[in-house]
Amino acid sequence: MIFSKKLISWYLQNKRSMPWRETKNPYHIWLSEIILQQTRVAQGLPYYMSFTTTFPTVFDLANASEEEVLKLWQGLGYYSRARNLHATAKYVANDLKGIFPATYKDLLQLKGVGDYTASAIASICYNEAVPVVDGNVYRVLSRYFGIDTPINSTKGISEFKKLAITLMDHDEPAEYNQAIMEFGALQCKPKSPYCIVCPLQDSCEALKKGNVPSLPVKLKKLKVKKRYFNYLVFSSSDQETILQQRVGNGIWKGLYEFPLIEGEVVGVDEIVLNDIFQKIVNTKEYEIIPYKEELIVHKLSHQHLYTKFYIVKLNDSLNGSEDQKKVNFKDIHSYPVPILLSNFIEAFFKKDLV
DNA sequence: AATTCGGGGGT
DNA sequence: ACCCCAGAATT
């Protein structure tokens with residue numbers, strides 16, 4: 001039996017049950033694919049459920065505000081996915097009458113849809129014979145064919161794509177693409193793959209050579225940067241605080257946070273602090289209390305954030321502004337915030353230290 | 001071609 | 001600690 005048929009056969013016996021496998025509706029498939037980019041099924045599943053429930057059609061998603069979309073996306077990370085998702089929904093709803101593009105080539109033009117996602121949607125929804133090459137596929141192919149070209153090099157990307165095209169099952173693109181990914185996720189896992197019971201064991205090059213654990217090869221990892229975040233959590237006499245939206249490029253674009261003083265080292269600069277106070281606070285009668293003495297270390301892929309929250313208690317009210325919004329404590333949960341802030345907010349308001 | 005975008009889970 | 005996850009966009 002040839003490679004693709006073996007995979008499909010394995011898939012039919014071992015595939016997991018997932019809600020997006022019960023439909024070929026391009027809106028739902030597109031949603032699932034964007035959500036699952038660099039995201040495990042277990043983590044993405046609840047988000048898929050909430051998005052399809054909250055926004056049953058692409059028109060519902062298009063008519064939402066970006067803030068609503070970000071709020072529903074909160075906690076999933078890579079927030080540009082949410083912004084691109086919303087932009088594409090508006091485009092499809094308003095310019096394409098709600099009809100998604102139906103070919104790989106046209107799907108590729110959508111914001112947030114790259115080679116992988118265009119292939120996935122085109123094959124699953126429209127049976128177009130275009131191969132998906134995700135992390136699972138890189139692993140399966142590099143092992144089965146014993147290829148040690150780095151999968152994140154330009155050469156590797158084109159090499160594996162070419163190979164994937166030749167292996168593609170042209171009769172059942174939808175089944176084949178999902179089969180090879182599911183096979184990589186469940187059988188040909190990164191660590192401790194089940195080679196002993198593998199249906200491809202007879203012809204797996206890496207298994208023959210004994211270098212399964214060293215494949216696939218991936219180029220160097222980047223160094224993590226350390227950043228020092230000091231958040232000012234204002235607490236006014238009338239139960240209000242200040243939130244501001246992150247703009248420009250960088251992490252958490254579009255999400256909200258407390259006024260931030262970022263420094264080169266731990267601690268707040270007095271001059272900067274006074275500067276901020278003059279804008280936000282009417283009175284100079286305030287009290288700054290570190291929420292905790294210890295730093296909270298929040299780890300992102302390539303940044304470690306050493307964070308401290310300062311509670312700033314006032315016997316007066318606050319000055320809101322265009323970019324520094326006054327927010328009542330009871331409304332704070334409606335704003336999209338990074339998990340780092342979400343964790344703090346939950347702990348702080350639960351303890352009722354306000 | 002290299003870097004930058006999160007957060008969670010596994011080892 | 002380090003790696004990986006149904007990758008894409010920007011530099």
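None of these values were measured; they are calculated from a predicted model. Below, chains carry the letters A, B, ... as their sequence lines are ordered, and counting in each starts from 1.
- Atoms CG (A:Asn343) and C1' (B:dG6) sit 13 Å apart, rounded to a whole Å.
- The stretch residues 131-145 of chain A comes close to DNA chain C through A:Asp134, A:Gly135, A:Asn136, A:Arg139, each having a heavy atom under 4.0 Å from the strand.
- Below the 3.5 angstrom threshold, one finds a donor paired with an acceptor across the side chain of A:Thr39 and the base of B:dG6.
- If you measure from atom CD1 of A:Ile157 to atom P of B:dT3, you get 14 Å, rounded to the nearest angstrom.
- Residue pairs that meet the side chain to side chain donor-acceptor pair (under 3.5 Å) test with at least one member in residues 113-124 of chain A, sequence neighbours left out, are A:Glu33-A:Tyr116, A:Gln37-A:Thr117, A:Tyr104-A:Asp115, A:Asp115-A:Lys161, A:Ser123-A:Asn177.
- Pairs passing the side chain to side chain donor-acceptor pair (under 3.5 Å) check and including a residue from residues 42-69 of chain A, sequence neighbours excluded, read A:Thr57-A:Asp60, A:Ser65-A:Glu68, A:Glu67-A:Tyr256.
- With both ends at atom P, the span from C:dA8 to B:dG8 equals 22 Å, rounded to whole Å.
- C:dA6 and B:dT3 have their P atoms separated by 25 Å, given to the nearest Å.
- Side-chain atoms of A:Gln43 stay outside donor-acceptor range of the base of B:dG8, with no qualifying N/O pair under 3.5 Å.
- Within the 4.0 Å cut-off from OP1 or OP2 of C:dA6, not a single side-chain nitrogen or oxygen of A:Trp20 is found.
- Within the structure, every side-chain polar atom (N or O) of A:Gln37 is placed at least 4.0 Å from both OP1 and OP2 of B:dC5.
- As rounded to whole Å, 8 Å separates atom P of B:dG7 from atom CD1 of A:Ile251.
- The phosphate of B:dT3 (OP1 or OP2) has no side-chain N or O of A:His302 nearer than 4.0 angstrom.
- For A:Trp252, there are no ring-ring contact (aromatic ring centres under 6.0 Å, His included) partners two or more places apart in sequence or in a different chain.
- Here the side chain of A:His298 is nearest to one of C:dC4, B:dG7, C:dA6, namely B:dG7.
- For A:Thr117, a side-chain nitrogen or oxygen approaches OP1 or OP2 of C:dA8 to under 4.0 Å.
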Hey, what are the protein-to-nucleotides 9-11 of chain C N/O distances that come in under 3.5 Å?
from  : atom 1 : to       : atom 2 : distance (Å)
C:dA9 : OP1    : A:Gly112 : N      : 2.4

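- Listed by first and then second residue, the side chain to side chain donor-acceptor pair (under 3.5 Å) pairs that reach into residues 195-216 of chain A are A:Tyr144-A:Ser203, sequence neighbours excluded.
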Secondary structure string for DNA chain B (Watson-Crick or G-U under 3.5 angstrom, | for other-strand pairs): |||||.|||||
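- Applying the ring-ring contact (aromatic ring centres under 6.0 Å, His included) definition to pairs two or more places apart or across chains, those involving residues 297-324 of chain A are A:Tyr228-A:Tyr306, A:Tyr231-A:Phe309, A:Phe309-A:Phe344.
- In summary, A:Lys226 and A:Glu264 do not engage in a salt bridge, as defined by a charged side-chain N under 4.0 Å from a carboxylate O.
- Residue pairs meeting the salt bridge (charged side-chain N to carboxylate O under 4.0 Å, His left out) criterion with at least one partner in residues 300-311 of chain A, sequence neighbours excluded, are A:Glu293-A:Lys308.
- For A:Ser236 and A:Asp238, the side-chain atoms include at least one donor-acceptor pair closer than 3.5 Å.
- Under the side chain to side chain donor-acceptor pair (under 3.5 Å) criterion, the residue pairs touching residues 81-92 of chain A are A:Thr39-A:Arg81, with sequence neighbours excluded.
- The nucleotide whose nearest atom lies closest to any side-chain atom of A:Val41 is, among C:dA6, B:dG6, B:dG7, C:dA6.
- Closest approach to the A:Arg81 side chain among B:dG6, C:dG7, C:dA6 is made by B:dG6 (side chain taken as heavy atoms from C-beta onward).
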Extract all donor-acceptor atom pairs below 3.5 Å that involve side chains of residues 184-197 of chain A and protein atoms in other chains or at least two apart in sequence.
from     : atom 1 : to       : atom 2 : distance (Å)
A:Gln187 : NE2    : A:Tyr194 : O      : 2.8
A:Lys189 : NZ     : A:Tyr194 : OH     : 3.1

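- Taking only side-chain atoms of A:Ser301, from C-beta outward, the nucleotide of C:dA6, B:dT11, B:dG7 with the closest atom is B:dG7.
- Distance CD (A:Glu33) to P (C:dA8): 9 Å, rounded to an integer number of Å.
- Nearest to the side chain of A:Tyr116, among B:dT4, C:dA6, B:dG8, sits C:dA6.
- Proximity of A:Tyr79 to A:Leu255: side-chain heavy atoms (C-beta onward) are separated by under 4.5 Å at one or more points.
- Rounded to a whole Å, the NZ atom of A:Lys218 is 15 Å from the P atom of B:dA2.
- Among the nucleotides B:dT4, B:dG7, C:dA6, the one closest to the side chain of A:Tyr79 is B:dG7.
- The residue among A:Lys299 and A:Arg16 whose nearest nucleotide of DNA chain C is located toward the 5' end is A:Lys299.
- No hydrogens or angles considered: a donor-acceptor pair under 3.5 Å links the side chains of A:Ser321 and A:Asp323.
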If you look only at distance, which donor and acceptor atoms sit under 3.5 Å apart when one is on a side chain in residues 327-339 of chain A and the other is two or more places apart or in another chain?
from     : atom 1 : to       : atom 2 : distance (Å)
A:Asn328 : OD1    : A:Lys330 : N      : 3.1
A:Ser334 : OG     : A:Asp331 : O      : 2.8

